Asker: 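One structure follows; several queries about it will come next.
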Amino acid sequence: MLDHLQRYHIILASNSPRRRELLAGLGIPFEVRVLPDISESYPDELPVAETAQYIACEKAAAYQQMMGADDLVITADTVVICAQEVLGKPVDADDARRMLRLLSGKTHQVITGVCLTTRERQRAFSVQTDVTFKMLSDEEIDYYVSTYQPMDKAGAYGIQEWIGYIGVMSLHGSYFNVMGLPVQRIYEELRTSF
């Protein structure tokens with residue numbers, strides 16, 4: 001379906017095993033290449049809904065100088081927003097517990113910003129999914145934080161893990177976006193824009 005992409009060497013600029021798995025599901029060949037120490041900071045005055053796309057574009061900028069003529073680099077960043085607070089990856093187990101308590105019993109937004117970059121063009125966009133959690137007990141939160149690895153996940157949770165099974169009451173939007181890569185939108189952008 002995406003045969004026209006054969007002219008590109010597609011690079012996924014992410015360490016995330018979930019992003020690798022999701023992009024592989026599109027059936028296109030790609031290589032994973034990750035530059036160390038790319039900043040994920042953003043201006044304080046930036047509207048929270050624009051944070052993920054801003055960071056994805058900053059990541060893309062870090063790759064532009066080393067891009068080959070046929071490279072197409074995919075960068076992404078996912079944030080969780082609850083009560084106008086941007087929740088990135090927790091710094092430790094206590095921070096993870098704090099984030100999960102904040103999400104408990106509420107609807108929050110998961111926004112993934114994506115930047116598709118070649119030497120000639122760039123397409124940047126973000127996808128939002130609304131997720132509603134049940135009221136989580138301290139026991140459930142402690143179990144999840146001590147049993148799983150929430151430290152590498154925005155908002156301290158993976159929807160595809162135990163906490164998603166028992167905690168997510170509803171979602172409106174892309175499930176795969178909550179996992180970290182809105183593959184349906186990426187497919188459409190690759191199909192129509194490159």
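Quantities reported herein were computed from a predicted structural model and do not represent experimental measurements. FYI, side chains are in, hydrogens and waters are out, and symmetry mates aren't considered; it's all heavy atoms of this structure.
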Asker: A side-chain contact here means heavy atoms from C-beta on lying under 4.5 Å apart; do Val114 and Ile186 qualify?
Answerer: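 Yes. Closest side-chain heavy atoms under 4.5 Å.
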Asker: Flag yes if more than 12 heavy atoms outside Met151 fall under 6.0 Å of its CE atom; otherwise flag no.
Answerer: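 Yes, because the 6.0 Å sphere around CE of Met151 holds more than 12 heavy atoms from other groups.
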Asker: Just so I know, are the side chains of Glu58 and Ser39 near enough to count as touching, which here means a heavy-atom distance under 4.5 Å?
Answerer: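 No, every pair of side-chain atoms sits at 4.5 Å or beyond.
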Asker: Compare all side-chain heavy atoms of Leu23 with those of Phe30 and state whether any distance is below 4.5 angstrom.
Answerer: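 Yes, close enough: below the 4.5 Å cut-off.
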Asker: Taking C-beta and beyond as the side chain, do Thr117 and Tyr63 meet within less than 4.5 Å on heavy atoms?
Answerer: no
Asker: Between Asp142 and Arg97, does any side-chain N to carboxylate O distance fall below 4.0 Å?
Answerer: yes
Asker: Quick one, Val110 and Val79 - any side-chain contact, counting heavy atoms below 4.5 Å?
Answerer: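 Counting from C-beta outward, Val110 and Val79 never come under 4.5 Å.
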Asker: Is a side-chain N or O of His4 found less than 3.5 angstrom from the main chain of Leu190, in a donor-acceptor match?
Answerer: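 Checked: pair present.
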Asker: Is Arg20 reaching over with its side chain to a backbone N or O of Asn15, donor-acceptor style, under 3.5 angstrom?
Answerer: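 Present.
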Asker: Treating Arg121 as the side-chain partner and Ser193 as the backbone partner, does any N or O pair qualify as donor plus acceptor under 3.5 Å?
Answerer: yes
Asker: Decide yes or no for Thr129 and His172: does some side-chain heavy atom of the first lie under 4.5 Å from some side-chain heavy atom of the second?
Answerer: no
Asker: Same cluster for Leu181 and Ile55 if Ile/Leu/Val/Met/Phe/Trp/Tyr side chains link at under 4.5 Å?
Answerer: no
Asker: Between Arg191 and Tyr187, is any pair of side-chain heavy atoms under 4.5 Å apart?
Answerer: yes
Asker: Any chance you could measure Asp94, atom CG, to Met99, atom CE, to the nearest 0.5 Å?
Answerer: 11.5 Å
Asker: For Phe176 and Gln184: C-alpha separation, side-chain torsions, deciding distance, then whether side-chain contact (heavy atoms from CB on, under 4.5 Å) applies.
Answerer: CA-CA 8 Å; Phe176 299 113; Gln184 188 277 330; over 6 Å; no
Asker: With no hydrogens and no angle check, is any side-chain donor or acceptor of Ser104 less than 3.5 Å from a backbone partner on Leu100?
Answerer: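 Judged by distance alone, no pair lies under 3.5 Å.
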Asker: If you apply the rule side-chain contact (heavy atoms from CB on, under 4.5 Å), what do you find for Asp71 with Arg119, and how did you get there?
Answerer: CA-CA 8 Å; Asp71 287 346; Arg119 280 192 173 174; over 6 Å; no
Asker: In terms of side-chain geometry, is the basic nitrogen of Arg18 or Glu21 positioned less than 4.0 Å from the acidic oxygen of its partner?
Answerer: no
Asker: Say whether Phe133 and Met135 are linked into one hydrophobic cluster, either directly or through other cluster members, by side-chain heavy-atom distances under 4.5 angstrom.
Answerer: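 In one cluster with Phe133: Met135, no.
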Asker: Is it true that Glu140 and Lys134 have a side-chain N and a carboxylate O under 4.0 angstrom from each other?
Answerer: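 A salt bridge links Glu140 with Lys134.
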Asker: Around atom CD of Gln84, are there more than 12 heavy atoms from other residues, nucleotides or ligands closer than 6.0 Å?
Answerer: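 No, because the 6.0 Å sphere around CD of Gln84 holds 12 heavy atoms or fewer from other groups.
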Asker: Using a strict threshold of under 4.0 Å (side-chain N to carboxylate O), is an ion pair present between Arg101 and Asp138?
Answerer: yes
Asker: Compare all side-chain heavy atoms of Thr78 with those of Arg19 and state whether any distance is below 4.5 angstrom.
Answerer: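 Side-chain contact under 4.5 Å: yes.
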Asker: Measure from the side-chain N and O atoms of Tyr157 to the backbone N and O of Pro150, and report whether any donor-acceptor pair falls under 3.5 Å.
Answerer: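 Pair absent, no side-chain N/O of Tyr157 close to backbone of Pro150.
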Asker: How far apart are the closest heavy atoms of Ala96 and Pro90, and which atoms are they?
Answerer: N-CB, 3.6 Å
Asker: Which distance, rounded to the nearest 0.5 Å, do you find between the CD1 of Ile11 and the CD of Glu31?
Answerer: 5.5 Å
Asker: Side-chain heavy atoms nearer than 4.5 Å, only ILVMFWY residues, links allowed to pass through others: does that put Ile74 and Val127 together?
Answerer: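 They do share one cluster, since a chain of ILVMFWY contacts under 4.5 Å joins Ile74 to Val127.
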Asker: Examine distances only and state if a side-chain atom of Lys106 and a backbone atom of Thr132 form a donor-acceptor pair shorter than 3.5 Å.
Answerer: no
Asker: Identify the two heavy atoms, one from Val80 and one from Ala154, that lie closest to each other, and give their separation to 0.1 Å.
Answerer: CG2-O, 3.5 Å
Asker: How would you list, by chain and number, every residue that makes a salt bridge (Lys or Arg N to Asp or Glu O under 4.0 Å) with Lys153, sequence neighbours excluded?
Answerer: Glu161
Asker: Look only at the side chain of Tyr144 and the backbone of Gln149, and say whether a donor-acceptor pair between them is shorter than 3.5 Å.
Answerer: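 Not at all, since once roles are kept as given, no pair shorter than 3.5 Å links the two residues.
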Asker: Looking only at the side chains, is there a donor atom on one of Ser14 and Ser16 sitting less than 3.5 Å from an acceptor on the other?
Answerer: no
Asker: Of all heavy-atom pairs between Cys115 and Cys57, which one has the smallest distance, and what is that distance?
Answerer: SG-SG, 3.8 Å
Asker: Using a 3.5 Å distance criterion without hydrogens, assess whether the side chain of Arg123 forms a donor-acceptor pair with backbone atoms of Glu189.
Answerer: no
Asker: Please walk me through it: do Leu35 and Met66 pass side-chain contact (heavy atoms from CB on, under 4.5 Å)?
Answerer: CA-CA 10 Å; Leu35 295 176; Met66 59 174 283; 3.5 Å; yes
Asker: Under 3.5 Å, is there a donor-acceptor pair between the Asn177 and Thr112 side chains?
Answerer: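 The criterion, which ignores hydrogens and geometry beyond distance, is satisfied for Thr112 and Asn177.
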Asker: Going by the rule salt bridge (Lys or Arg N to Asp or Glu O under 4.0 Å), which residues pair with Asp92 if we only count those two or more places apart in sequence or in a different chain?
Answerer: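 By the salt bridge (Lys or Arg N to Asp or Glu O under 4.0 Å) rule, Asp92 matches no residue at all.
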Asker: Does Ile81 share a hydrophobic cluster with Leu103, counting links as ILVMFWY side-chain heavy atoms below 4.5 Å and allowing steps through other members?
Answerer: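 Ile81 does not cluster with Leu103.
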Asker: Verify the cluster assignment for Ile166 and Tyr175: are they in a single hydrophobic cluster under the rule of side-chain heavy atoms below 4.5 Å apart?
Answerer: yes
Asker: Hey, what's the ring geometry for Tyr148 with Trp162, parallel, tilted or perpendicular (30° and 60° as the breaks)?
Answerer: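 Taking Trp162 first and then Tyr148, their aromatic rings lie parallel (interplane angle under 30°).
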Asker: Thr118 and Phe194: which non-hydrogen atoms are nearest, and at how many Å?
Answerer: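 Shortest heavy-atom separation between Thr118 and Phe194 comes out as CG2-CE2, 3.7 Å.
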Asker: To the nearest 0.5 Å, what is the distance between CG on Leu136 and CD1 on Ile141?
Answerer: 5.0 Å
Asker: Using a 3.5 Å distance criterion without hydrogens, assess whether the side chain of His108 forms a donor-acceptor pair with backbone atoms of Asp130.
Answerer: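 No.
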Asker: If I compare all heavy atoms of Ile163 with all of Gly158, which pair ends up nearest, and what's the gap?
Answerer: CG2-O, 3.8 Å
Asker: Would you find a donor on one side and an acceptor on the other, under 3.5 Å apart, between the side chain of Asp95 and the backbone of Val91?
Answerer: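 It does hold such a pair.
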Asker: Regarding Glu85 and Arg98, does a basic nitrogen lie under 4.0 Å from an acidic carboxylate oxygen?
Answerer: yes
Asker: Could you tell me the separation between the CG atom of Leu46 and the CD atom of Gln53, rounded to the nearest 0.5 Å?
Answerer: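 If I round to the nearest 0.5 Å, the distance is 9.5 Å.
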Asker: Salt bridge (Lys or Arg N to Asp or Glu O under 4.0 Å), that's the test. Do Asp77 and Lys59 meet it? Break it down for me.
Answerer: CA-CA 9 Å; Asp77 191 74; Lys59 290 178 180 179; 3.3 Å; yes
Asker: Residues two or more places apart in sequence or in another chain: which of them pass salt bridge (Lys or Arg N to Asp or Glu O under 4.0 Å) with Asp70?
Answerer: none
Asker: So which heavy atom on Lys89 is nearest to which on Asp152, and how close?
Answerer: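 Shortest heavy-atom contact: CE-O, 3.7 Å.
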